[in-house]
2 protein chains.
Amino acid sequence: MDRRSAEKDDEASAKERPTLKTLAFMTGLGVTTVSRALKDAPEIGAETRRRVQLVAKQIGYRPNRAGVRLRTGKTNVISLVLNTEREIMSFVSDIIYGVSEVIADTPYHLIVTPYSRSQDPLDPIRYLVETGSADGVIISRTQPNDPRARYMLERGIPFATHGRTDMGLVHPYHDFDNYAFASEAVRHLAGLGRRRLALVTPPVGLTYYDHTVNGFADALSEVGASEVPFNTVSIDHTIEQIRTRTAQLMRRDNRPDGIVSCAAAATLAVVAGIEDAGLKLGRDVDVVSKQSSELLHLFRRELLVVNENFRLAGSELARAVLGWIGGKEPGSLQSLSTPGEVLPYRG
Amino acid sequence: MDRRSAEKDDEASAKERPTLKTLAFMTGLGVTTVSRALKDAPEIGAETRRRVQLVAKQIGYRPNRAGVRLRTGKTNVISLVLNTEREIMSFVSDIIYGVSEVIADTPYHLIVTPYSRSQDPLDPIRYLVETGSADGVIISRTQPNDPRARYMLERGIPFATHGRTDMGLVHPYHDFDNYAFASEAVRHLAGLGRRRLALVTPPVGLTYYDHTVNGFADALSEVGASEVPFNTVSIDHTIEQIRTRTAQLMRRDNRPDGIVSCAAAATLAVVAGIEDAGLKLGRDVDVVSKQSSELLHLFRRELLVVNENFRLAGSELARAVLGWIGGKEPGSLQSLSTPGEVLPYRG
DNA sequence: TCAATATACTGAAACGTTACAGATTGCCAA
DNA sequence: TTGGCAATCTGTAACGTTTCAGTATATTGA
């Protein structure tokens, strides 16, 4: 009846992982037919298609990734590129979970590609592209003129950036509106009667540094407050550095009476510095801080916070890369997250 | 002279990624020879070996992972399996960096395999093993009788657990000595004159819950202090739950005058609860807490802390898995990290 | 009736690698 | 001289998949 004979690899098929060959043997079809039936190719009969898919489901067939990858070049991998020293801690875990959520019901795997302070940030990108290790890449710590984005754009590899660029090139991104955050923070402090404000900036060189500084400056002149320069620190500095320099700042004559901080960990240090200088939060100075986990209010109830959702960022970034891989227009895969209002302590 | 002719794929070799075939063509050798020369096989002449390796380095040859994987089954992948809801935040980022450090100069990639609360923790493991997606696996949230460890042991796939098991089976692990932590914490509190102690436990069911509880209990009887039961919370509970229940606890007549907490985030909530009840840290009650980043002292200077290094854990776990993959004895790949002393606030 | 065409299927080749089973050479002992 | 053997090297097949170029059968148009 069946002209095909049991082949040596399929005899012991009880234990081995099923392949297209196994399916072909079981259905009495050719591997080509099976392959096409599984991906709903048009030239396969409706009944055959159903039959193959049924058998495949029954025996738990899963395509061999190495086979697909070797043949097609498709890796089914998304790479998240992270700086091992400077990334915000909660950012790492939240963004990973955000990405995971989105790729959970796709064939994609998430690989984490780290690079260290000493390396050129372009190194890991070059590696990924040259070795064809991923179908899509997510990068953070985005710069206005970002060589990584330019490089990937040139090679045509889909990617998404956490944060925007400013190169006149269009690519997917997700960003938090830090201009809005900084300006709202200033307005809120002004509403509390604060007039001399300082800013604990994002890392110099990153795009959102510019956004933040601009939002801060614009709102300052809008409300008629003045800036107390505090350029000696950014949220990339160590806790100790931020703490001691904040204390120095707060001991000066023209110390600020309001501070805007761009990261929760930095805010802890800022508050410690304020108190080192013998001042009291909420009385001598108010602080507005971004946070990604809802912990700052436990720290000092006087703190004013704005929440940034990194998990959402992860999801959006994953959606963006997958969209690009899927053929959507890069320009349609950009999203901006609007900060909620400045939240005082509740209950 | 050379009997091999330029083949169609190698003519435009300027742009394409070099393969063994490219190297074979350039050196005038067969692909087999090239393959073996690159991996220092004994039957290759010393000069040939050097020549091949030189050319390979020059043109930046990198073995195609899909090719290797398809042929040998070796994935060069380590998978880190994480619970997307319950993992400690800093744990995720630190352990990833720890693992990264170790695998940086190996051919291994790190893939993150998440699973959610609703899933059977065995699901992701089954997936990894059935699809042969990784050469080694790292799991956390280890239980005394852990089905995942048993499963992988049965299938013979190398893995390492963060935390020990208690099944009479031997496998690589890295663990923090939570017995020592809890007992040291109790002794320290007793040294401060605290007599009625409560414990904010690890998640029930995990091995280190047992270790912690035992260390706590043993030290209690050693120093002659008593336990104030606080079984309504663990560090897996939400911040809000811990906070309100701590407040309830602290309003009772026989409230504790010392608390041991196993995670920094929980400690924030505990302190908030203490203060909700109108009590003062350091006066009415002392708290010893584990922490993985050095931030708790900024929170309240009265807090007593013990540091746990998750980055180290990541490195150790990676070393353990790689060791097992490399043929070392699983029993020789176990490590225990001893807690440092309880640290009071320093300037 | 015959050719043209659509439908449903198929084998062979290729992706890059490694393992197997030789093949060629030179050297030495007999 | 010859047989044996070590030292080097080589071609082929296979891993599991998709694509290319078909083949066989039924259906249609004239």
Side-chain angles (χ1 to χ4, degrees), chain A residues 2-5 7-10 12-13 16-52 56 59 61-76 107 130-133, chain B residues 2-5 7-10 13 16-52 56 59-76 107 130-133:
Chain A
D2 189 341
R3 68 195 177 292
R4 232 171 312 280
S5 65
E7 316 210 347
K8 68 171 195 308
D9 359 328
D10 288 318
S13 65
E16 291 304 316
R17 181 167 163 215
T19 69
L20 286 183
K21 207 156 130 195
T22 320
L23 282 178
F25 176 69
M26 295 180 74
T27 55
L29 296 164
V31 292
T32 305
T33 311
V34 173
S35 173
R36 312 183 97 153
L38 287 176
K39 47 174 57 73
D40 290 315
E43 61 268 69
I44 302 295
E47 196 208 304
T48 305
R49 199 202 329 274
R50 277 199 310 274
R51 196 159 61 90
V52 170
I59 66 174
Y61 167 77
R62 289 170 181 282
N64 179 306
R65 311 187 117 236
V68 176
R69 181 164 168 177
L70 180 57
R71 178 62 233 242
T72 65
K74 182 127 210 283
T75 61
N76 284 311
E130 282 171 9
T131 62
S133 291
Chain B
D2 189 340
R3 69 196 176 291
R4 233 171 312 277
S5 66
E7 317 211 346
K8 68 177 192 304
D9 2 325
D10 287 317
S13 66
E16 290 305 315
R17 183 168 161 214
T19 70
L20 286 184
K21 208 156 131 195
T22 320
L23 282 178
F25 176 69
M26 294 180 73
T27 55
L29 296 163
V31 291
T32 305
T33 311
V34 173
S35 172
R36 313 186 95 154
L38 287 176
K39 48 173 58 75
D40 290 314
E43 62 267 69
I44 300 296
E47 194 208 306
T48 306
R49 200 201 329 274
R50 277 199 309 275
R51 197 160 60 90
V52 170
I59 66 173
Y61 167 78
R62 287 170 181 283
N64 179 307
R65 312 189 115 232
V68 176
R69 181 164 169 179
L70 180 58
R71 179 63 234 244
T72 64
K74 181 125 210 284
T75 61
N76 285 312
E130 282 172 9
T131 62
S133 291

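Keep in mind it's a predicted model, so treat the numbers as computed, not measured. The figures that follow rest on heavy atoms only: side chains count, while hydrogens, waters and symmetry mates do not. A, B, ... follow the sequence lines: proteins, then strands. Residue 1 opens every chain.
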Q: Let me test you: for the helix from C:dT1-D:dA30 to C:dA30-D:dT1, what is the angle between the axes at its two ends (five pairs each), rounded to 10 degrees?
A: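 About 60°, once rounded to a multiple of 10°.
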Q: Give the rounded distance in Å between these two atoms: CD of B:Glu43 and C1' of C:dA23.
A: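 To the nearest whole Å, that distance equals 14 Å.
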Q: What is the separation between atom NZ on B:Lys74 and atom P on C:dA19, rounded to the nearest whole Å?
A: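 These atoms are roughly 12 Å apart.
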Q: Do you know which two heavy atoms are closest between A:Ala24 and A:Gly30, and how far apart they sit?
A: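 Looks like CB-C, 3.9 Å.
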Q: Could you check how far CZ of A:Arg49 sits from P of C:dT7, rounded to whole Å?
A: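 So the two atoms are 13 Å apart, to the nearest Å.
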Q: Could you check B:Ile44, B:Leu20, B:Leu23, B:Val52 and say which one makes a side chain to side chain contact (heavy atoms under 4.5 Å, CB included) with B:Leu29?
A: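 The option that passes is B:Val52.
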Q: Is it the case that the side chain of B:Arg62 and the backbone of B:Arg17 share a donor-acceptor pair, with hydrogens and angles ignored and the cut-off at 3.5 Å?
A: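 Pair absent, no side-chain N/O of B:Arg62 close to backbone of B:Arg17.
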Q: Using a 4.5 Å cut-off on heavy atoms from C-beta on, say whether the side chain of A:Arg65 contacts that of B:Thr131.
A: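 Side-chain contact under 4.5 Å: no.
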Q: Separation of A:Arg51 atom CZ from C:dC9 atom C1', in whole Å?
A: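 Nearest whole value for this atom pair: 12 Å.
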Q: Considering non-hydrogen atoms only, spot the tightest contact between A:Arg49 and A:Ala37 and give its length.
A: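 Of all heavy-atom pairs spanning A:Arg49 and A:Ala37, the closest is CG-O, 3.4 Å.
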Q: What is the distance, rounded to the nearest whole Å, between atom CD of A:Glu16 and atom P of D:dA14?
A: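 The answer, rounded to whole Å, is 16 Å.
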Q: Take B:Leu70 and B:Ile44, find for each the nucleotide of DNA chain D with the closest heavy atom, and name the residue whose nucleotide sits nearer the 5' end.
A: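 Result: B:Ile44.
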Q: Rounded to whole Å, how long is the line connecting atom CG of B:Leu29 with atom C1' of C:dT17?
A: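 Distance check: B:Leu29 CG to C:dT17 C1' gives 17 Å.
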Q: Find out whether A:Asn76 and A:Lys74 are in side-chain contact, i.e. whether some heavy atom of one side chain is under 4.5 Å from a heavy atom of the other.
A: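 In contact.
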Q: More than 12 foreign heavy atoms under 6.0 Å from CD of A:Glu43: is that the case here?
A: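 Yes, the 6.0 Å shell around CD holds more than 12 heavy atoms from other groups.
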Q: At what distance, to the nearest 0.5 angstrom, does OG1 of A:Thr33 lie from CG of A:Leu38?
A: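 Result: 10.5 Å between the selected atoms.
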Q: Can you check nucleotides 17-24 of chain D for protein contacts, nitrogen or oxygen pairs under 3.5 Å, and list what you find?
A:
{"from": "D:dT17", "atom 1": "OP1", "to": "A:Tyr61", "atom 2": "OH", "distance (Å)": "2.4"}
{"from": "D:dT17", "atom 1": "OP1", "to": "A:Asn64", "atom 2": "N", "distance (Å)": "3.0"}
{"from": "D:dT17", "atom 1": "OP2", "to": "A:Leu20", "atom 2": "N", "distance (Å)": "2.7"}
{"from": "D:dT18", "atom 1": "OP1", "to": "A:Lys39", "atom 2": "NZ", "distance (Å)": "2.7"}
{"from": "D:dT18", "atom 1": "OP2", "to": "A:Ser35", "atom 2": "OG", "distance (Å)": "2.7"}
{"from": "D:dT18", "atom 1": "OP2", "to": "A:Lys39", "atom 2": "NZ", "distance (Å)": "3.3"}
{"from": "D:dT18", "atom 1": "O2", "to": "A:Arg71", "atom 2": "NH1", "distance (Å)": "2.1"}
{"from": "D:dT19", "atom 1": "O4'", "to": "A:Arg71", "atom 2": "NH2", "distance (Å)": "3.3"}
{"from": "D:dT19", "atom 1": "O4", "to": "A:Thr32", "atom 2": "OG1", "distance (Å)": "3.2"}

Q: Looking at A:Arg69 and A:Thr75, what are the two nearest heavy atoms and their distance?
A: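 Of all heavy-atom pairs spanning A:Arg69 and A:Thr75, the closest is NE-CG2, 3.5 Å.
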Q: Write down the distance between CD (B:Glu47) and C1' (D:dA7), rounded to a whole number of angstrom.
A: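 It works out to 15 Å between those atoms.
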